[in-house]
Amino acid sequence: MLKLYDIAVQSRLLLGTARFPSPAILAEAVRRSKTEIVTVSLRRETSGGKASGAFFDLIRELGVRVLPNTAGCHSVQEAVLTAKMAREVFRTDWIKLEVIGHHDTLQPDVFGLVEAARILTAEGFQVFPYTTDDLVVAEKLLEAGCRVLMPWCAPIGSAMGPVNPMALRTFRAHFPDLPLIVDAGIGRPSHAAQVMELGYDAVLLNTAVAGAGDPASMAEAFALAIEAGRLAHSAVPLEPRDMAVPSTPVIGKAVFS
Amino acid sequence: MTFIINGEEQQVAAATLADLLSTLDYEGEWLATAVNGELVHREDRAGFTLGDRDRIEILSPMQGG
């Protein structure tokens with residue numbers, strides 16, 4: 001069973017709640033994904049709070065754990081304040097920490113990320129940092145107090161899947177016992193299965209499900225792929241080879257000439 | 001007094017943060033507030049005195065990835 005900080009979860013899929021065609025479809029996707037953790041965000045309230053109250057109620061009714069994010073924050077100060085405000089609203093110490101460093105790629109500002117992680121950990125937060133696959137940054141995040149890391153596999157929302165499988169493999173090998181969640185860039189269930197086969201502990205998705213033609217069915221497809229990838233990893237897959245190896249034994253083969 | 005509320009300048013007659021939320025019809029346990037870059041907890045709003053040109057952020061839950 002996967003443990004994220006002190007919480008044990010069965011499902012290895014974390015689902016974002018943005019971009020779904022309707023609240024009903026979001027709810028159905030959450031149910032069919034069997035996820036136990038959804039990500040949510042905070043934004044400026046302009047209408048007195050009634051619309052956001054409906055979303056807040058929906059999330060509570062789903063009965064899942066909430067992982068608030070600091071999406072859209074471009075500075076340490078913004079990210080830290082947003083995290084504090086998220087804790088006030090959602091009453092959890094969990095925070096998906098994003099400090100965005102680049103407008104086009106939404107690449108994390110890893111320097112700001114480490115600084116914000118240090119500040120938030122000191123304030124009692126349990127930080128889930130959205131980071132790159134850089135090992136040095138990862139080490140700094142651990143020094144800052146993070147006990148879960150969430151490397152990207154491609155830019156957010158790009159649906160490209162793992163663009164650098166070797167880096168993901170190295171990252172996994174370097175932190176064999178740390179919960180690692182691939183966050184961002186997954187497009188298809190086969191991508192999710194691929195990173196799970198590499199030994200990742202879980203996958204965080206949003207656009208790949210919400211943007212599908214049938215989000216609820218895609219949520220279930222991802223759940224199955226993640227389970228299959230996890231099982232395949234535990235079954236120890238073969239490594240690729242350059243040359244053919246006959247699968248049918250040649251001993252006792254008839255000789256006709 | 002003049003306040004900058006969620007980035008927009010507004011004139012509101014309010015002495016405390018709780019007054020301001022009530023006057024502007026903000027309600028709900030899901031709202032979070034900050035003044036001049038510092039979180040103000042729900043239970044502290046009634047005792048939090050506002051000053052002219054304070055920057056007030058009022059945030060609420062929304063969908064996120």
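Below, chain A is the first sequence line, B the second, and so on; all start at residue 1.
When the heavy atoms of residues 16-44 of chain A are compared with those of chain B, the residues falling under 4.5 Å are A:G16, A:T17, A:A18, A:T39, A:V40, A:S41, A:L42, A:R43, A:R44, listed by number.
For B:E8, the CD atom sits in a loose shell: 12 or fewer heavy atoms of surrounding residues, nucleotides or ligands are nearer than 6.0 Å. Taking a 6.0 Å sphere around CZ of B:R53, one finds it holds 12 or fewer heavy atoms contributed by other residues, nucleotides or ligands. Surrounding OH of A:Y5 are more than 12 heavy atoms belonging to other residues, nucleotides or ligands, all under 6.0 Å away.
Residues A:L81 and B:G37 come closest through the heavy atom pair CD2-O, 3.6 Å. When every heavy atom of B:Y26 is checked against every heavy atom of A:T46, the shortest pair comes out as OH-CA, 3.9 Å. Between A:F56 and B:P61, the shortest heavy-atom distance links the atoms CD1-CG, 3.7 Å. Counting all heavy atoms, side chain and backbone alike, B:G65 lies closest to A:N69 at O-ND2, 2.7 Å.
If you take OG1 on B:T33 and CD on A:E88, they are separated by 6.5 Å, rounding to the nearest 0.5 Å. Here A:K84 contributes atom NZ and B:H41 contributes atom NE2; the two are 8.5 Å apart, rounded to the nearest 0.5 Å. Taking CD of A:E45 as the start and CD1 of B:I58 as the end, the distance is 8.5 Å to the nearest 0.5 Å. Note that CD of B:E29 and CZ of A:R91 are 6.5 Å apart. Values are rounded to the nearest 0.5 Å.
Contact annotation for A:Q77: neither backbone nor side-chain heavy atoms come within less than 4.5 Å of a heavy atom of chain B.
Residues that satisfy the side-chain hydrogen bond (donor to acceptor under 3.5 Å, both in side chains) test with A:R118, not counting sequence neighbours, are absent from this structure.
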